[in-house]
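Reviewing the structure listed below.
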Protein chains: 2
Amino acid sequence: MSKSSRIPLSSGRERPTNIAVLLREAFVALNDVVVVALAERGHAVVRPAHSAVFQYLDDTGTTVSVLAERAQMTKQAMAELVVHLERHGYVVRVPDPADRRAKLVLATEQGADVVAVAQEVAPAIEHRVEQLLGADRFAALREDLGTILRAADSSA
Amino acid sequence: MSKSSRIPLSSGRERPTNIAVLLREAFVALNDVVVVALAERGHAVVRPAHSAVFQYLDDTGTTVSVLAERAQMTKQAMAELVVHLERHGYVVRVPDPADRRAKLVLATEQGADVVAVAQEVAPAIEHRVEQLLGADRFAALREDLGTILRAADSSA
DNA sequence: CGACGTTAGACAGGTGACATGTCGAAGTCA
DNA sequence: TGACTTCGACATGTCACCTGTCTAACGTCG
């Protein structure tokens, strides 16, 4: 029933081939690989958004404000991610000896393990995709995405 | 202060060049173009997620369940989007004459205008990107994203 | 040195976009 | 007719953000 007489926006549900949709789906697909890998290694509580914490955390410790700035989100949002990770033992917050207002976020051993897994998985994904497309196409893909981003940045 | 001694995961904040991150950023950039275009035409309440509604809505009307199925989300999530759009006058829900359980979601004139804008903007974006990359590279990009998706699907 | 504007982060509260689970009413099929 | 399914409503929860307010600590400048 209601077999559809004309589908507006995109040309239907089967294969939207819309470039933006493709980009999103490809991202989700690759991202899931990391999440699954972490879950398999016992880090199920680490969710995609937390990569922003580990990604921008230096090993000398980093304040929430700096993390927020680097990840381009508000301090509150970042603080929440850090609280979650602290509750599960992935990071600790210690007072900054140089600034009594500030607290430094530091990775625990457990947190370091997450970083290790991510460091192992991320290049593996890149490599997998490179094999899939071939080195030339992969380089072109990377370049083209950069081109799109630069164009969007400058027109914004 | 705390200039960072070594950044773990990716190689820093400036240009992560990580393929997944690039994909995400490119998607967000293109998506924003649509949202901005809609906002400029007075449809500020229409947000990215709502595209799923308009995209899969046939002009003969479609039930929430069907929309949810097409958009690959739960009925509840889709129902929420529809409620929001109904509250703002973009769609109406009328009883399905053929099924007394069901209600058909229909676009109002205002909703049709959103579709019109989207129909105008989406190809424009595609075209813009195509010009940016050249036809060959654009075709390759599209193809490569498809390849990634198929590979991810089959390995999942 | 002390007042003043800035910064760090805690806390309160809110939103958007999903999820699950339960339910009654309506449809379908044996 | 009864058993099962489906439609959509409602309640509730989660995740990843947001704004706004507040206090303690900091830095500067007169």
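Naming: A, B, ... by sequence-line order, numbering from 1 per chain. Note that this is a predicted model, so its numbers are computed, not measured.
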(message) Just the rounded figure in Å: distance from C1' of D:dC17 to CD of A:Gln72.
(response) 14 Å
(message) Between A:Tyr90 and A:His84, is the ring centroid distance below 6.0 Å?
(response) no
(request) Verify the contact: side-chain N or O of B:Ser65 to OP1 or OP2 of D:dC7, cut-off strictly under 4.0 Å; return yes or no. (result) yes
(request) Consider the side chain of B:Lys75, meaning its heavy atoms from C-beta on, and name the nucleotide among D:dT5, D:dG8, D:dA25 that approaches it most closely. (result) D:dG8
(message) Could you tell me how far apart B:Leu104 (CG) and C:dA26 (C1') are, to the nearest whole angstrom?
(response) 15 Å
(request) Inspect the contact between A:Lys75 and A:Glu80 and indicate whether a charged nitrogen and a carboxylate oxygen are less than 4.0 angstrom apart. (result) no
Sub-3.5 Å pairs of nitrogen or oxygen atoms, protein against nucleotides 11-14 of chain C:
none

(request) Please name the pair of heavy atoms, one in B:Ile148 and one in A:Leu132, separated by the smallest distance, quoted to 0.1 Å. (result) CA-CD2, 4.0 Å
(request) Grab the NE2-C1' distance between A:His84 and D:dT14 for me, whole Å please. (result) 11 Å
(message) I want to verify a distance call: between C:dA8, D:dC7, C:dA17, whose nearest atom is closest to the B:His50 side chain?
(response) C:dA17
(request) Take the protein atom CE of A:Met78 and the nucleotide atom C1' of C:dA10, then report the distance between them rounded to whole Å. (result) 16 Å
(request) Look only at the side chain of B:Thr63 and the backbone of B:Ala102, and say whether a donor-acceptor pair between them is shorter than 3.5 Å. (result) no
(message) Main chain of B:Leu149, side chain of A:Glu25: is a donor-acceptor contact present, judged purely on distance under 3.5 Å?
(response) no
(message) What's the closest nucleotide to the side chain of B:Lys103 if the choices are C:dC18, C:dA8, D:dA9?
(response) D:dA9
(request) For A:Arg93 and C:dA8, give me the distance from atom CZ to atom P, rounded to whole Å. (result) 15 Å
(request) Quick one: label A:Ala79 by what it contacts on the DNA or RNA (base, sugar-phosphate, nothing), any heavy atom closer than 4.0 Å. (result) nothing
(message) For D:dC26 and A:Arg100 - does any side-chain N or O of the residue sit under 4.0 Å from the phosphate oxygens OP1/OP2?
(response) yes
(request) Pick base, sugar-phosphate or nothing for B:Thr74, based on heavy-atom distances below 4.0 Å to the nucleic acid. (result) base
(request) In whole angstrom, give the distance that lies between atom CG of A:Leu85 and atom C1' of D:dA16. (result) 13 Å
(request) Might you point out which heavy atoms bring B:Ala52 and B:Ala71 nearest each other, and give the distance in Å? (result) CB-CB, 4.0 Å
(request) Taking only Lys NZ, Arg NE, NH1 and NH2, and the carboxylate oxygens of Asp or Glu, determine whether B:Glu130 and B:Arg137 approach each other closer than 4.0 Å. (result) no
(request) Rounded to the nearest angstrom, tell me the gap between atom CG in B:Asp99 and atom C1' in C:dG27. (result) 6 Å
(message) The side chain of B:Ala49 is closest to which nucleotide in this list: C:dG9, D:dG8, C:dA17?
(response) C:dA17
(request) In whole angstrom, give the distance that lies between atom CG of B:Leu81 and atom P of C:dC18. (result) 6 Å
(message) Side chain of A:Arg101, heavy atoms from C-beta onward: which of C:dG9, C:dT7, D:dA16 has the nearest atom to it?
(response) C:dT7
(request) Inspect the contact between B:Asp58 and B:Arg70 and indicate whether a charged nitrogen and a carboxylate oxygen are less than 4.0 angstrom apart. (result) yes
(request) Return the 5'-most residue of the pair A:Ala102, B:Ala77 with respect to DNA chain C, ranking by each residue's nearest nucleotide. (result) A:Ala102
